[in-house]
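Everything below concerns the one structure shown next.
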Amino acid sequence: GGEFVEGRGTSFKTISPATEEVLAEVAEADAADVDAAVKAARRAYDKVWSRMPGRERAKYLYRIARIIQERGRELAVLESLDNGKPIKESRDVDVPTVAAHFFYYAGWADKLEYAGRGADPQPLGVAGQVIPWNFPLLMLAWKIAPALACGNTVVLKPAETTPLTALLFAEICQQADLPPGVVNIVTGAGATGQALVGHPDVDKVAFTGSTEVGKAIARAVAGTSKKVTLELGGKAANIVFDDAPIDQAVEGIVDGIFFNQGHVCCAGSRLLVQESISEELLDRLKRRMSTLRMGDPLDKNTDIGAINSGEQLKRIRELSDLGDAEGAERWEVACDLPTKGYWFPPTLFTGVSQAHRIAREEIFGPVLSVLTFRTPAEAVEKANNTPYGLSAGVWTDKGSRILSVAHQLRAGVVWANTFNKFDPTSPFGGFKESGYGREGGRHGLEAYLK
Ligand code: NAP
Ligand code: MG
């Protein structure tokens with residue numbers, strides 16, 4: 001089912017951030033294109049999808065999940081080409097988690113009376129979904145799988161710099177014989193996203209991206225009947241106590257901030273380390289960082305790939321330079337950067353105070369800000385001293401301390417002796433300026449049901 005149509009407006013190129021090579025030219029959907037997609041979604045909602053029994057919708061979702069597994073290599077290569085992330089991450093983390101998400105929500109499609117929304121919960125209608133470039137396919141899965149399971153149809157806009165796997169997903173929907181109009185992908189940049197969330201016939205808006213754009217969207221839909229979920233930025237504290245298993249903690253710190261080049265909203269970008277072990281921990285951390293392999297995203301030995309865009313690289317450089325200017329001390333892995341493409345070496349700053357901008361603002365790159373603390377109370381206070389509240393990590397040998405600290409942290413997800421673990425059964429979302437609403441798990445259904 002479904003078809004690819006030419007855009008009415010202009011087009012733009014998408015490149016490989018590792019080589020700056022042009023990968024494809026993609027249509028920039030204008031307001032008329034968005035309108036056509038919303039109309040297609042409305043028709044499919046009224047005539048087919050909202051009327052279909054859940055057990056039938058489930059069959060399509062299971063089919064999509066299986067095709068994602070079958071075409072996993074292709075999806076992983078395309079994701080790494082367009083995004084710059086290492087193939088071992090797209091192959092071993094992103095794509096399997098995407099398939100898991102579809103399998104998980106397929107299981108819910110005929111069990112919605114247990115979703116906690118009453119005996120006969122109803123879908124909302126047409127969902128307008130806007131996603132960022134850091135996990136293009138995974139964010140698509142987080143948006144589309146629960147929406148479809150609940151009986152909604154969708155129009156999704158991928159990020160300007162990473163549209164390709166969303167288009168391949170559209171092909172997968174065709175392969176799965178999904179009825180036309182149930183899933184619509186419109187490529188474009190900010191204006192396309194704006195046209196989508198502002199469209200009067202969209203019933204539900206789901207957004208992941210920057211807090212700034214999230215606030216603009218909240219303003220744009222205020223006073224309408226649209227339901228909204230926003231998943232925004234973060235500045236997570238990764239707290240290491242003196243009794244923590246140090247080598248495991250070092251691995252968790254590295255995973256927390258250097259996974260996906262630090263382009264992770266829940267990245268552990270503030271390391272809070274207990275003063276008594278800070279010297280030893282930092283020594284070991286620097287040694288470990290020196291073994292990270294940066295380079296070709298398609299090489300399966302690569303740990304750190306390319307920064308997603310020139311624009312993002314500029315932002316990372318500016319904030320890091322501010323770190324120098326404000327008096328923090330920069331240490332970076334010594335390595336030769338490729339001459340083409342966008343690269344930034346794994347970096348840490350010590351001597352960071354809470355007032356520094358590198359301790360407050362989301363850098364969204366491979367840059368760790370290190371702060372120290374003396375007591376658990378001080379750790380909690382510093383961890384919570386942020387406008388964000390998406391995630392946090394706690395490293396300690398003491399179970400009681402994990403529970404008491406986690407309880408006091410104002411963050412949507414708290415990992416204990418691990419970091420950046422994702423599972424479709426677990427809800428994910430923020431406190432404060434990290435946004436509202438939950439994605440994943442049973443909670444994730446609430447955003448798509450009335
Ligand atoms: P962004 O501008 O918020 O982009 C997110 C998505 O929203 C993209 O698809 C974007 O389109 C679209 N968009 C932009 N303006 C819009 C508008 N007015 N109405 C509707 N949709 C709109 O984020 P970014 O520019 O890519 O990154 C900027 C910063 O945001 C990063 O440095 C990072 O700190 C943060 N960020 C956070 C996350 C997260 O997962 N929480 C993800 C990405 C970025 P285009 O980008 O295609 O133009
Ligand atoms: Mg943008």
Side-chain angles (χ1 to χ4, degrees), residues 12-14 17 26-29 31 34 82-85 94 128-136 138-140 142-143 155-166 185-199 202 205-221 226 228-236 259-267 269 307-320 342 344 357-358 360-367 386-391 412-413 420 422 428-430 432-437 439:
F12 62 96
K13 295 183 171 69
T14 183
V26 180
E28 183 167 9
V34 169
D82 205 16
N83 169 279
K85 66 174 71 198
D94 296 42
Q129 308 178 318
V130 177
I131 58 172
W133 43 261
N134 53 341
F135 292 94
L138 185 58
M139 290 303 104
L140 174 150
W142 282 24
K143 299 279 178 288
V155 182
L156 176 134
K157 191 201 84 69
E160 181 182 4
T161 58
T162 55
L164 296 184
T165 47
I185 307 291
V186 289
T187 50
T192 308
Q194 213 171 351
L196 177 57
V197 303
H199 194 291
V202 161
V205 171
F207 172 79
T208 297
S210 61
T211 294
E212 186 192 346
V213 173
K215 284 180 179 174
I217 290 175
R219 280 194 293 272
V221 301
K226 288 174 190 170
V228 189
T229 42
L230 299 174
E231 202 268 273
L232 310 176
K235 191 74 187 177
F259 174 66
N260 204 34
Q261 296 70 246
H263 301 328
V264 182
C265 47
C266 53
S269 52
I307 298 304
N308 179 251
S309 65
E311 201 184 323
Q312 188 60 27
L313 179 59
K314 187 166 157 265
R315 192 180 145 78
I316 296 168
R317 284 188 176 144
E318 279 169 8
L319 274 162
S320 301
Y342 312 121
F344 198 90
R357 281 181 61 189
I358 55 168
R360 311 194 65 78
E361 292 179 31
E362 189 175 41
I363 301 175
F364 224 63
V367 182
T386 165
Y388 295 112
L390 196 53
S391 69
V413 183
N420 273 342
F422 301 100
F428 184 91
K432 303 189 275 183
E433 293 203 6
S434 291
Y436 42 79
E439 294 185 303

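On a predicted model such as this, the values are computed, not experimentally measured, just so you know. Counting starts at 1 for both ligands and their atoms, following the listed order.
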Legend entry - Side-chain touch Arg360/Thr386, heavy atoms, less than 4.5 angstrom: no
Legend entry - Residue Val130 vicinity, atoms of ligand 1 by number, heavy atom under 4.0 Å: 6 (C), 7 (O), 9 (O), 12 (C), 21 (N)
Legend entry - ligand 1 N/O within reach of Gly190 N/O, cut-off under 3.5 Å: yes
Inset, instruction - Could you tell me whether ligand 1 has any atom less than 4.0 Å away from a heavy atom of Gly188? - result: yes
Legend entry - Pick from Gln129, Lys157, Glu28, Gln194: the one approaching atom 18 (N) of ligand 1 most closely through a non-hydrogen atom: Gln194
Legend entry - Side-chain donor or acceptor of Lys85 paired with backbone N/O of Asn308 under 3.5 Å: no
Legend entry - Any Phe207 heavy atom less than 4.0 Å from ligand 1: yes
Inset, instruction - Under 4.0 Å from a heavy atom of Cys265: give me the atoms of ligand 1 that qualify, with their elements. - result: 39 (C), 40 (O), 41 (N)
Inset, instruction - Under 4.0 Å, heavy atoms only, figure out whether ligand 1 is touched by the backbone of Leu196, its side chain, both or neither. - result: neither
Legend entry - Geometric N/O contact Val213 with ligand 1, under 3.5 angstrom: no
Legend entry - ligand 1 atoms in contact with Trp133 (distance to a heavy atom under 4.0 Å): 24 (P), 26 (O), 27 (O)
Inset, instruction - Please tell me if the side chains of Thr165 and Pro158 come closer than 4.5 Å, counting only heavy atoms from C-beta onward. - result: no
Inset, instruction - Report yes if Pro132 has an N/O atom closer than 3.5 Å to an N/O atom of ligand 1; otherwise report no. - result: no
Inset, instruction - Could you grab the distance from atom CZ of Phe12 to atom CD of Glu28, nearest 0.5 Å is fine? - result: 6.5 Å
Inset, instruction - Have a look at ligand 1 and work out which part of Ala216, if any, has a heavy atom under 4.0 Å from it: side chain, backbone, both or neither. - result: neither
Inset, instruction - Report, in ascending order of atom number, the atoms of ligand 1 lying under 4.0 Å from any heavy atom of Gln312. - result: 31 (C), 32 (O)
Legend entry - ligand 1-proximal atoms of Met139, by part, heavy-atom distance under 4.0 Å: neither
Legend entry - Flag, side chain of His263 to backbone of Asn134, donor-acceptor distance under 3.5 Å: no
Legend entry - Expected output: side-chain Glu362 to main-chain Gly234 donor-acceptor under 3.5 Å: yes
Inset, instruction - With heavy atoms of Ile131 as the reference, note each atom of ligand 1 found under 4.0 Å away. - result: 6 (C), 8 (C), 9 (O)
Legend entry - Heavy-atom check, side chain of Phe207 versus side chain of Gln129, under 4.5 Å: no
Inset, instruction - Report yes if some N/O of Glu311 lies less than 3.5 Å from some N/O of ligand 1; otherwise report no. - result: no
Inset, instruction - With the side chain counted from C-beta on, respond yes when Phe135 and Thr208 share a heavy-atom pair under 4.5 Å apart, and no when they do not. - result: no
Legend entry - Ser210-ligand 1 polar pair, N/O distance under 3.5 Å: yes
Legend entry - Min N/O separation Thr208 to ligand 1 under 3.5 Å: no
Legend entry - Donor-acceptor contact present, side-chain Lys157 to main-chain Val197, <3.5 Å: no
Inset, instruction - Nearest 0.5 Å please: distance from the CE atom of Met139 over to the CD atom of Glu439. - result: 7.0 Å
Inset, instruction - Tell me which part of Arg315 gets within contact of ligand 1: side chain, backbone, both or neither, using heavy atoms under 4.0 Å. - result: side chain
Legend entry - Distance-minimising heavy-atom pair for Ala159 and Pro132: CB-C, 3.6 Å
Inset, instruction - Starting at CD of Glu433, measure out to OG of Ser210 and round the result to the nearest 0.5 Å. - result: 11.5 Å
Legend entry - ligand 1-proximal atoms of Thr211, by part, heavy-atom distance under 4.0 Å: neither
Legend entry - Option set Gly209, Gly193, Gly365, criterion heavy-atom distance to atom 20 (C) of ligand 1, minimum: Gly193
